[in-house]
Amino acid sequence: MSVPASAPEMPAPLVGADWLAAHLGRVVVFDASVGAHRGGRRRIPGARPFDLDGHLSDHDAPAPHTMPAAGAFEEAMRGLGVDEDSRVVVYDAAGIYSGARAWWMLRAMGFDRAAVLDGGLPAWAAAGLPVEDGPAEYDGPRGSFTARPRPGLLVDAAAVAGALADPGAAVFDARSRERFAGSAPEPRPGLRGGHMPGALNLPFGELQGPGGLMRPAGELRAAFEALAGQRERLYFSCGSGVTACVLALGATLAGYGETAVYDGSWSEWGLPSDRPVAVGS
């Protein structure tokens, strides 16, 4: 087994650096950093790579961080030593950014014993906790992870279009206010500027407070209710399905139970097509 039988119960979906430090060696730790932080020069001791820019996205799909098929995800998790009864903590080097995507993917594949490290690697380092040199790696035994997909957690454009027309649902966009308004260019070529008509803009960084930590549950709830009112069915989008998962994390902490992430996000919706686009705030 890749994690001892005495692995602790987890205060999912968010753990602090002190909790992880106290249980290091008894949980699987993943580094899910992307972009410039991918394969970074330092890691939490024992961290394994959750490579969202590599094999843990479906590169045959049009959107860059599309969820792999269940069989491919299961094989990747087994290759990384994740067992059925493992406890998993995910972080990234940017703070709370892409680690939430890894957590949501695990949930979407039926695995609930996972949490995001609050504040990510910056918070770990700021607490004076040990780091190792070199990128995350793993060459240990295979695990017994079994994928049990939950289709409603990652949804497609048709489901989002339906949510936009549903008065009981709210669709949130985690991108910056400038990208939402269409006044700043999209970082990916070929995409239209703007947003889905009826979507609500809540930049993912607004769910974080001092030190890059997630805000308290009451503040998170207030941030969602300020835009969605009393609607309880929430859908989340962003540029490529990564920071939408930060909103999903915040909504989970705030007590929402009916949540979904648009897997293709603006990388799909923003392509030239007949899908409607609005500009301005």
Would you find a donor on one side and an acceptor on the other, under 3.5 Å apart, between the side chain of Arg192 and the backbone of Leu271?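 Yes; judged by distance alone, with no hydrogens or angles, the pair exists.
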Check whether any side-chain heavy atom of [X] lies under 4.5 Å from a side-chain heavy atom of [Y], and answer yes or no.
X: Leu52; Y: Arg101; answer: yes
X: Met77; Y: Phe50; answer: yes
X: Leu24; Y: Ile44; answer: yes
X: His23; Y: Met10; answer: no
X: Pro13; Y: Arg107; answer: no
X: Trp19; Y: Pro11; answer: yes
X: Phe172; Y: Cys238; answer: no

How far apart are the C-alpha atoms of His65 and Asp53, what are their side-chain angles, what is the distance that settles it, and do they pass the side-chain hydrogen bond (donor to acceptor under 3.5 Å, both in side chains) test? CA-CA 7 Å; His65 291 116; Asp53 285 339; 2.9 Å; yes
Rounded distance (nearest 0.5 Å) linking atom [atom1] of [X] with atom [atom2] of [Y]:
X: Arg275; Y: Met196; atom1: CZ; atom2: CE; value: 9.5 Å
X: Met214; Y: Leu207; atom1: CE; atom2: CG; value: 5.0 Å
X: Leu249; Y: Thr243; atom1: CG; atom2: OG1; value: 12.0 Å
X: Thr146; Y: Glu74; atom1: OG1; atom2: CD; value: 5.0 Å
X: Arg150; Y: Asp112; atom1: CZ; atom2: CG; value: 4.0 Å
X: Trp124; Y: Asp18; atom1: CH2; atom2: CG; value: 9.5 Å

Would you mind writing out the side-chain donor-acceptor pairs for residues 250-262 within the sub-3.5 Å range, not counting sequence neighbours?
residue	atom	partner	partner atom	Å
Thr252	OG1	Ala248	O	2.8
Tyr262	OH	Glu268	OE1	2.7

Please evaluate residues Val277 and Trp266 with respect to the criterion side-chain contact (heavy atoms from CB on, under 4.5 Å), reporting the C-alpha separation (whole Å), side-chain torsions for both, the decisive distance (0.1 Å), and the verdict. CA-CA 10 Å; Val277 170; Trp266 199 253; 3.8 Å; yes
Name of the residue among Val15, Leu20, Val29, Asp118 meeting side-chain contact (heavy atoms from CB on, under 4.5 Å) with Tyr91: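 Considering Val15, Leu20, Val29, Asp118, a side-chain contact (heavy atoms from CB on, under 4.5 Å) with Tyr91 is found only for Val29.
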Name the residue from Val246, Leu154, Val242 that meets the side-chain contact (heavy atoms from CB on, under 4.5 Å) definition with Trp104.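 Of the listed options, the one satisfying the test is Leu154.
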Of the non-hydrogen atoms in [X] and [Y], which two are nearest, and what is the gap between them?
X: Leu227; Y: Arg231; result: O-NH2, 3.5 Å
X: Ala136; Y: Pro49; result: CB-N, 3.6 Å
X: Pro45; Y: Pro130; result: CD-O, 3.1 Å
X: Leu247; Y: Phe224; result: O-CZ, 3.5 Å

Under the 4.5 Å side-chain heavy-atom rule for ILVMFWY, direct or indirect, which residues accompany Phe180?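 None; Phe180 is a cluster of one.
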Step by step, work out the side-chain contact (heavy atoms from CB on, under 4.5 Å) result for Ser237 and Ser265. CA-CA 5 Å; Ser237 180; Ser265 283; 3.4 Å; yes
Is the number of heavy atoms from other residues, nucleotides or ligands under 6.0 Å of Arg177 CZ greater than 12?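 Atom CZ in Arg177 is crowded, with more than 12 foreign heavy atoms closer than 6.0 Å.
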With a cut-off of 6.0 Å (strictly less than), are more than 12 heavy atoms of other residues, nucleotides or ligands near OH of Tyr97?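 No - once you tally the heavy atoms of other residues, nucleotides and ligands closer than 6.0 Å, there are 12 at most.
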Looking at Arg38 and Asp92, is any side-chain nitrogen of the basic one under 4.0 Å from a carboxylate oxygen of the acidic one?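 A salt bridge is absent here (no side-chain N lies under 4.0 Å from a carboxylate O).
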Salt-bridged, Arg87 to Glu9, with N to O below 4.0 Å?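 Result for this pair is yes, salt bridge flagged.
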List the steps and the verdict of side-chain contact (heavy atoms from CB on, under 4.5 Å) for Asp173 and Arg179. CA-CA 10 Å; Asp173 189 323; Arg179 288 173 64 190; over 6 Å; no
Apply the test side-chain hydrogen bond (donor to acceptor under 3.5 Å, both in side chains) to residues Ser144 and Asp83: give CA-CA distance (whole Å), side-chain angles for both, the deciding distance (0.1 Å), then the verdict. CA-CA 4 Å; Ser144 60; Asp83 287 320; 3.3 Å; yes
Could you walk me through whether Val90 and Val88 pass side-chain contact (heavy atoms from CB on, under 4.5 Å), step by step? CA-CA 7 Å; Val90 187; Val88 175; 3.9 Å; yes
